[in-house]
Amino acid sequence: MNLKDLAISVIDKEAKAVEKLKPYVNDEFVEILNLIYGSKGRLIITGIGKSAIIGNKIVATLNSTGTPSIFMHAADAIHGDLGIVQQDDVVLCISKSGNTPEIKVLVPLIRRMGNKLIAMVSNAESYLALHSDYVIRATVDEEACPNNLAPTSSTTTQLVMGDALAVCLLKMRGFSPEDFAKYHPGGSLGKRLYLTVDDVYDKELRPWVQPKETIQNTIINISQNRLGATVVLGDNDELMGIITDGDVRRMVEKGKPMDSLAAADIMSRNPKVVQKSELAVNAFSIMEKNKITSVVVMDGGKYVGLIHIHDVLREGIV
């Protein structure tokens, strides 16, 4: 078989398996969401084999979106880790067959503890499905593996159902971008959501010149501050314009006499500005959209500095 055709067939089979999940998002699915949302404890997710790997990923997604979760490996659970489960916790057990030996040992133990048990299973007639309080169907007709053996379509459907749970719970909790940033402070996603212009621009540098400043002194000002630009301020610190390296180059290219010009003659009026309280990623968007490297930083109506593209890139926001 052509390898490209084989790869496409895998995608097709898994896509069809996911499409067939829609009827299983039913009233019981909503009851499960309400159970997890209303629980005073955590969601304990367990499984074995490839389902355990999927369980770990679902736990990570839930924790990062506001639903406290812990993974407990089914094999380890029956050798001591069952102590993870506390009185108010809800347990979600993931298994394709629902009939593995570890699951058959674990399920009665959880039932005896009195915790609500949710099965995520392909086989609705399995031991797990029949002995659980709730069932999430992740049923597949066949694996994408040519031998119909390796967990492929089944683990994909488990992952998708897990994402459906997480996103619905996120919505139920009113989980905001600010909440997301709180749980992701070290990553670029989190930084995009909490780092402001005030956090990243260099407060030691506030380059500016008067409108009548000579071109020579203006160039010196740009060079000394190492931001590739300087701002032109009026008598009352009114923002009049900005002069960049590009403005200076264009002046030279046009052959204008430098000695007879002042800063106001070569400045660009109506420069792009950003409030220091705005997100740094917004400043980057302004730079990217307008193909510039610096944006004027304002505190209300007061000029306080420049944010350079390198300030944003250094933080790893983009």
Side-chain angles (χ1 to χ4, degrees), residues 1-26 28-29 32 43-63 69-82 84-85 90-111 117-168:
M1 187 177 186
N2 181 281
L3 293 178
K4 290 182 181 178
D5 291 340
L6 178 59
I8 291 171
S9 74
V10 171
I11 295 171
D12 285 341
K13 286 180 181 179
E14 296 200 5
K16 290 176 182 177
V18 170
E19 183 68 23
K20 289 182 178 180
L21 292 177
K22 290 180 180 179
Y24 304 135
V25 179
N26 49 24
E28 186 174 17
F29 188 87
I32 291 167
L43 180 62
I44 309 298
I45 298 183
T46 188
I48 197 164
K50 303 300 185 297
S51 294
I53 297 172
I54 297 300
N56 268 300
K57 190 276 176 187
I58 296 173
V59 163
T61 301
L62 288 166
N63 280 327
S69 305
I70 294 178
F71 178 76
M72 176 182 68
H73 197 281
D76 293 333
I78 60 179
H79 291 284
D81 280 5
L82 194 58
I84 292 173
V85 183
V90 175
V91 180
L92 169 61
C93 186
I94 305 174
S95 174
K96 178 190 176 183
S97 71
N99 289 316
T100 59
E102 294 85 359
I103 297 299
K104 287 185 175 182
V105 173
L106 178 60
V107 166
L109 298 175
I110 295 172
R111 300 282 298 179
L117 178 61
I118 305 165
M120 183 184 291
V121 66
S122 176
N123 182 4
E125 301 301 320
S126 65
Y127 179 88
L128 174 61
L130 295 175
H131 290 82
S132 295
D133 298 295
Y134 301 90
V135 177
I136 298 173
R137 294 280 297 274
T139 302
V140 293
D141 296 329
E142 62 176 336
E143 299 288 4
C145 163
N147 299 318
N148 195 26
L149 294 173
T152 44
S153 298
S154 59
T155 48
T156 299
T157 56
Q158 292 168 358
L159 183 62
V160 170
M161 279 305 210
D163 284 342
L165 283 175
V167 172
C168 289

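Quantities reported herein were computed from a predicted structural model and do not represent experimental measurements. Along the sequence shown, residues are numbered consecutively beginning with 1. Computed from heavy atoms alone, side chains included, the values below leave out hydrogens, waters and symmetry copies.
- The ring-ring contact (aromatic ring centres under 6.0 Å, His included) analysis of residues 131-165, with sequence neighbours excluded, yields the pairs Y127-H131.
- One N or O on the side chain of S122 and one on the backbone of V140 form a donor-acceptor pair closer than 3.5 Å.
- Between P146 and L6, the closest heavy-atom pair is CG-CD1, 4.0 Å.
- Using a 4.0 Å cut-off between a side-chain N of Lys or Arg and a carboxylate O of Asp or Glu, K20 and D141 qualify as a salt bridge.
- I32 CD1 to M120 CE: the interatomic distance, rounded to the nearest 0.5 Å, is 8.5 Å.
- Shortest non-hydrogen contact noted between A144 and T152 is N-OG1, 2.7 Å.
- Side-chain atoms of E28 come within 3.5 Å of backbone atoms of V135 as a donor-acceptor pair (strictly under, hydrogens ignored).
- Of the inter-residue distances, the one linking I118 atom CD1 with S132 atom OG reads 9.0 Å to the nearest 0.5 angstrom.
- Among residues two or more places apart in sequence or in another chain, the side-chain hydrogen bond (donor to acceptor under 3.5 Å, both in side chains) test is passed with T139 by R137.
- Rounded to the nearest 0.5 angstrom, T46 OG1 and D76 CG are separated by 9.0 Å.
- Note that the CG atom of L82 and the CD1 atom of I110 stand 6.5 Å from one another [nearest 0.5 Å].
- Using a cutoff of 4.0 Å between basic side-chain nitrogens and carboxylate oxygens, K96 and E143 are scored as salt-bridged.
- The two residues A75 and I48 have their closest heavy-atom pair at CB-CD1, 4.1 Å.
- Take D12 and apply the side chain to side chain contact (heavy atoms under 4.5 Å, CB included) test, not counting sequence neighbours, and it matches I8.
- In terms of heavy atoms, F29 sits closest to A164 at CZ-CB, 4.0 Å.
- The 12-atom threshold is not exceeded at NZ of K50, counting heavy atoms of other residues, nucleotides or ligands nearer than 6.0 Å.
- A pairwise comparison of heavy atoms in L128 and S95 identifies CD2-CB, 3.9 Å as the closest pair.
- A salt bridge links D133 to R111: one of the charged nitrogens lies within less than 4.0 Å of a carboxylate oxygen.
- Side chain of N99 to backbone of S126: no donor-acceptor contact under 3.5 angstrom is found.
- The side-chain heavy atoms of I58 and T61, taken from C-beta on, include no pair separated by under 4.5 Å.
- Counting heavy atoms from C-beta outward, D163 and V160 have side chains that stay 4.5 Å or more apart.
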